[in-house]
Structure formats: structure tokens, C-alpha cells
Visitor: 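Just dropping this structure here.
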Amino acid sequence: MIELQKVWKNTLEGLSANVSAVNFGLWLEPLEPLGVKNGALVLVAPTANVKKTASKPSYSQKIKESLVARYPTFSDVIIIEKDESDSYISEMEETLDGQLVVMSDKKEKTCPFIEKYTFQNFVVGDSNKLAFHAAETVAKKPGSSNGVLNFNPLFIYGGVGLGKTHLLHSIGNYIFKNYPSLKIEYVQTSNMVNDYFTALNAYSSNKDAMLKFNEKYRNVDVLMMDDVQFLVGKTGVQEQFFHIFNDLYGMGKQIILSSDRPPKEIDLHERLISRFQGGILVEVGMPNLDMRIAIVRRKMGAEGVAVNDDVVFYLAEKIDSNVRELEGALSKVILYAQLLNQSSPTLELAKEALKIDENNRAEDIDSNSIINAVCSYYGLNKGDLLGKKKTKAIADARMVAIYIVNDMLSLPLETIGQIFGGRHHSTIIYARDTVMEKLKEGNKKLERDINDIKSLISGN
Ligand code: ADP
Ligand code: MG
């Protein structure tokens, strides 16, 4: 059974994100829950002044929204003054407990964010402390309620594998847990671009399609867009997004963006760039050696394995490109140790594990063997895979092939573009990231496909 105090406490938590700290402390926090009357939560104000102010629509409406979002069985709030409470108590409903029991039956929403991407699991150091701090600040007070400091939008930029998505999910996890009434939309920009084209294609037969697209992104309290560099060259989506941005911003909703480079280096419409620069801009950089050591240790802790210090140092020193690769190298070492039934990998084994990886890359495998394996796996012909056909089966297989080529061979993106019928490198990035994203989202079929194809390749 949910207690009234808890109902009010949770409602207040939702409100703290929408009201400035000063007003929150003056007019909302002093209210005390008294009971339920005709489905309305009765709150007692300590003074006439608090009652008068909190009853103004600008506050009472917000209280009601926060309450109803969490406890839909309530229909309203009533704010009374202390003197009035005696008469109210006598009128209070007998069914108080019954109603509250019903409320506790409300289905829990499942959290859409990756569980392990939290602030606690993020190693902070010189290369990312500003970004971390900004992300935490925004998570604690999303929207335009930060007073003089403007954290809207929060724009996080930095190279691949340096923790941008991790920070966005950390914000998501935090808000989801602490402000359950807030509606958060996290989107990979490439998916938003897809959504837009789907809506556009459907438009002639279904006028609601574009409306739905707009609603999805407008009807939120927090909008997170990961990898906004994917808006480049998509003027139609840029245009739509510009309006969505302005509407959300105007309503004091929080916008959080990430990109592989700072706004002014992204080839977007000038007015969009200036919006992106209007809030706070923070960079995530490559962690230094100490941070890399800490990251390896933390990851080992999460996996529940013990690794000797010399192995930790070796990995942290050797892999200085990005954190994703560092994690990948550690996984390889752990996997290799398991294969050889070693409980804790030695330095020799670690070197061996990573060397095998290098050999594989350099020697036997070339793009041809990967493309052949993908074609035979999906039953397609090579001309189609490398050509211009856009049917789903071919387009999907093409993305998988691009992903594997990029994953297994260390080739420049431009070269991969050449291999795949002279495609632009942005297309290659798009394909790679789309597959990566699906894998991250836990697409088991795709994961199996890729593993099977990889074993086909090494079997060749
Ligand atoms: P990006 O989105 O910038 O390409 P990700 O957020 O996907 O990078 O990070 C890649 C991997 O590295 C993830 O598994 C993430 O948890 C990890 N990672 C990155 N930075 C850190 C950090 N500072 N502490 C712990 N893990 C990190
Ligand atoms: Mg990312």
C-alpha cells in the first residue's frame, strides 16, 4: 500500500524539475498532504500566502500534472489553509486506503536505458570531468530551471568510443529513476532520420504520418539525440528538427545532444548550429593512462574476474585509441584465458591474445572474403550487394558487410566506400553505426548472423 506521504514526496520530486529551486522551497515544499476527497489530493498550506500562491494555475496545474502522471487514480489537487483542515477531515473519504491500494497496482514502466551505463560506472578524469559534471547537473535538474546558468541544450562532443552514449544513458537512467513522471525520449539521430523518411514516404497516403513524427519528438520533457552529425546532408530533417528544438526550448524542456565534433564543425544549417551553441558545450577526450587503468579495473570488477596488475598496465598502455577498443581488448584477453582454462590471464597470454587479433586482421582476411561470406550467408549475389538496390534484404546485408569489413580490417572509411561501389564515407559510417546500435539494443538475430558470418570467413 502506498502511503499518502510517499505520494506527495514523489509528486514533489517530479515538480522540482519544473520549478525554480527558490519557488519550490517557498511555495511547494511547505505543503503537507492531508487526505483524499472525491479523487482529489488535499494539501494543507501553513499560511494564507502559501495557499494563495500555490493555488495559482502556474503552480496548481504543475502539481496536478506531476501527481496524475504518477498516480493516475487522482483527478485533482485541493489546497487549503491550516484552519480549514478540521472541516475537511470530517468530510474526507472513508475509502482512502482502498483507493491507494488500487494506485499501487499501476504497472511499472520498464527502463529503456542500458543498465550499466550509469554515472557510478563512469570513470572521471581530466579528459571528461566537465562533460561528466554537466551531464550530472542536467540529470538532477532537467529543463530551464537552472536559474542563471543555461544548460539547455547540453551538447557533448568527442571522438568515437569515448563515452558520449554512456553519459546520455546515465542521464536517462538517473531521470528515469528519480523523476518517473518525466517523459524522456532517447534517439540515435540515424533512427530519427529513418523515422522522418518513413513519415515522408507515407505522407501521400497518410497525412497523419508526419504529425506522428512530430508528436513523438515534441511530446517529451527531455529529448536526447545521439550523434547529431548524422543530420548532415538531410535538410528536410534539419528543418523539422529546428522547429521541434524551438518548441521544446520554448517550453523549458531539456535538450541533450551528442556529436563526434563541435557544432561549428558540423555541416548543418547555420541557425541550427547557433541553437546548438546556445547552451553548454562540453568535450569528452581520450582518457589518460591512469584513467585507462581505472577503466580496465572497473570493467574487470563488473565481469567478476581478477587480472594481474601487469596485464592491466599492458592493456591500458597499449590501447590508447578509445575506451571501446580498450574494453574489447580486455574482453578478448578474458575470453582467451577462459578458452585455455586459465583462471587469471598472465601477461604472456594477454600479449598472445592481442597478437592473434592483429594477425587475423593483417594476413588472411580481405574485403573480398568478407563480401563472399555475407553473400553466401544471405543467399545474395555480389553485384546486388555492391550495387544500388535498396530492397530491405539487400540493404540490410550490405550494412552487415560494411560493419564486418570495418570491424575486421583496419581500412580508412574512404577505402571501404570504394570497395562498396564508390559510396561516400558518411554512408559507411551510417551503415556501421546502424548495425552497432542494433547490436547494442540487443538484437540477437543480428548478433548471431554476424558471428556465423565471421566463422564462415575464418573457415575460408
Ligand atoms: P561514444 O558514444 O562516445 O562512441 P560509448 O559511450 O559508446 O562511446 O563508449 C564506448 C564504451 O566505452 C562503452 O562501453 C562505455 O561504457 C565505455 N566508456 C567510455 N568512457 C568511459 C569512462 N570514462 N568510464 C567507463 N567506461 C567508459
Ligand atoms: Mg555513441
Side-chain angles (χ1 to χ4, degrees), residues 112-136 139 154-174 186-193 224-232 256-263 265-266 281-303 307 312 315-316 318-334 403 406-407 413 426 428-443 447:
F113 301 102
I114 297 174
E115 208 185 325
K116 62 177 183 165
Y117 286 180
T118 59
F119 289 127
Q120 291 81 4
N121 287 342
F122 195 77
V123 174
V124 186
D126 282 346
S127 66
N128 59 22
K129 62 182 180 210
L130 253 182
F132 179 83
H133 181 66
E136 233 187 8
L154 167 62
F155 193 105
I156 303 175
Y157 69 93
V160 65
L162 295 179
K164 301 181 296 294
T165 299
H166 187 133
L167 282 177
L168 260 50
H169 278 258
S170 303
I171 297 173
N173 276 316
Y174 184 95
Y186 166 92
V187 65
Q188 257 296 329
T189 303
S190 53
N191 289 341
M192 182 194 251
V193 171
M224 296 201 251
M225 271 175 70
D226 209 350
D227 292 315
V228 288
Q229 73 271 13
F230 285 118
L231 288 175
V232 170
I256 303 161
L257 308 155
S258 92
S259 167
D260 63 353
R261 58 209 114 135
E265 288 173 28
I266 316 176
L281 211 61
V282 285
E283 181 176 11
V284 285
M286 183 56 199
N288 61 26
L289 184 63
D290 284 347
M291 288 167 72
R292 299 205 293 276
I293 291 171
I295 288 170
V296 173
R297 291 221 168 100
R298 188 156 310 192
K299 168 108 174 155
M300 281 161 25
E303 304 275 319
V307 178
V312 174
L315 284 170
K318 186 174 162 80
I319 316 286
D320 58 1
S321 47
N322 68 56
V323 182
R324 187 177 293 140
E325 297 219 348
L326 184 61
E327 289 186 341
L330 175 65
S331 301
K332 246 166 242 158
V333 170
I334 294 173
Y403 171 83
N406 181 69
D407 192 37
L413 295 168
S426 62
I428 303 302
I429 298 177
Y430 174 74
R432 178 198 66 191
D433 287 2
T434 303
V435 173
M436 233 141 69
E437 209 45 50
K438 284 186 184 162
L439 291 176
K440 228 189 227 168
E441 284 163 3
N443 187 327
E447 195 179 322

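Numbering starts at 1 and runs along the sequence shown. Both ligands and their constituent atoms are indexed starting at 1 by order of listing.
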Visitor: Of all the atoms in ligand 1, which lie at a distance below 4.0 Å from a heavy atom belonging to Gly159?
Guide: 3 (O)

Visitor: Before signing off on this row, confirm whether Val160 and ligand 1 have an N or O atom pair separated by under 3.5 Å.
Guide: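 No: no nitrogen or oxygen of Val160 is under 3.5 Å from one in ligand 1.
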
Visitor: For ligand 1, is any non-hydrogen atom under 4.0 Å from Asn121's backbone (N, CA, C, O), its side chain (CB onward), both, or neither?
Guide: backbone

Visitor: Keeping Arg292 on the side-chain end and Pro287 on the backbone end, is there a donor-acceptor pair under 3.5 Å?
Guide: yes

Visitor: Any N/O of Val323 closer than 3.5 Å to an N/O of ligand 1?
Guide: no

Visitor: Does the side chain of Tyr186 pick up a donor-acceptor pair with the side chain of Asp226 at under 3.5 Å?
Guide: yes

Visitor: Using heavy atoms and a 4.0 Å limit, tell me yes or no: is Ala294 in contact with ligand 1?
Guide: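 It does not; every heavy atom stays at 4.0 Å or beyond.
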
Visitor: Under 3.5 Å between any N/O of Gly163 and any N/O of ligand 1: does that happen in this structure?
Guide: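 N/O-N/O distance under 3.5 Å: yes.
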
Visitor: Any idea which protein heavy atom is nearest atom 17 (C) of ligand 1, and the distance to it?
Guide: Glu327 OE2, 3.3 Å

Visitor: Just to be sure I read this right, does ligand 1 sit under 4.0 Å from the backbone of Lys299, its side chain, both, or neither, counting only heavy atoms?
Guide: neither

Visitor: Can you list the ligand 1 atoms lying under 4.0 Å from a non-hydrogen atom of Leu162?
Guide: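 Those atoms are 1 (P), 3 (O), 8 (O), 19 (C), 20 (N).
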
Visitor: Below 4.0 Å from any atom of ligand 1, is there a heavy atom belonging to Gly161?
Guide: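 Checking ligand 1 against Gly161, which is what was asked, there is a heavy-atom contact under 4.0 Å.
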
Visitor: Would you call the rings of Phe132 and Phe122 parallel, tilted or perpendicular, taking 30° and 60° as the class edges?
Guide: parallel

Visitor: When you look for heavy atoms under 4.0 Å from ligand 1, do you find them on the side chain of Lys440, its backbone, both, or neither?
Guide: side chain

Visitor: Over all heavy atoms of both residues, which pair between Ile114 and His169 is shortest? Give the atoms and the distance, please.
Guide: N-ND1, 3.0 Å

Visitor: Any chance the side chains of Thr189 and Asp227 put a donor and an acceptor closer than 3.5 Å?
Guide: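 Asp227 and Thr189 do not have a side-chain donor-acceptor pair below 3.5 Å.
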
Visitor: Any sub-3.5 Å donor-acceptor pair from Gln229's side-chain atoms to Asp260's backbone N or O?
Guide: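 Side chain of Gln229 to backbone of Asp260, a donor-acceptor pair under 3.5 Å: yes, one is there.
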
Visitor: Can you find an N/O atom of Thr165 closer than 3.5 Å to an N/O atom of ligand 1?
Guide: yes

Visitor: For the residue pair Thr118 and Asn173, confirm or rule out a side-chain donor-acceptor distance under 3.5 Å.
Guide: no

Visitor: From the Mg ion (ligand 2) out to just under 2.8 Å, does an N/O/S atom of Thr165 turn up?
Guide: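 For Thr165, the answer is yes, given that an N, O or S atom comes within less than 2.8 Å of the Mg ion (ligand 2).
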
Visitor: Where do Leu167 and Ala131 come nearest, in terms of heavy atoms and distance?
Guide: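 It is CD1-CB, 4.0 Å.
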
Visitor: Based purely on interatomic distance, does Phe122 place a nitrogen or oxygen under 3.5 Å from a nitrogen or oxygen of ligand 1?
Guide: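 No; the residue has no nitrogen or oxygen that sits under 3.5 Å from a nitrogen or oxygen of the ligand.
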
Visitor: Can you say whether the rings of His166 and Tyr117 are parallel (under 30°), tilted (30 to 60°) or perpendicular (over 60°)?
Guide: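 Parallel.
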
Visitor: Run the numbers for me: atoms of ligand 1, each under 4.0 Å from some heavy atom of Asn128, listed by number.
Guide: 23 (N)

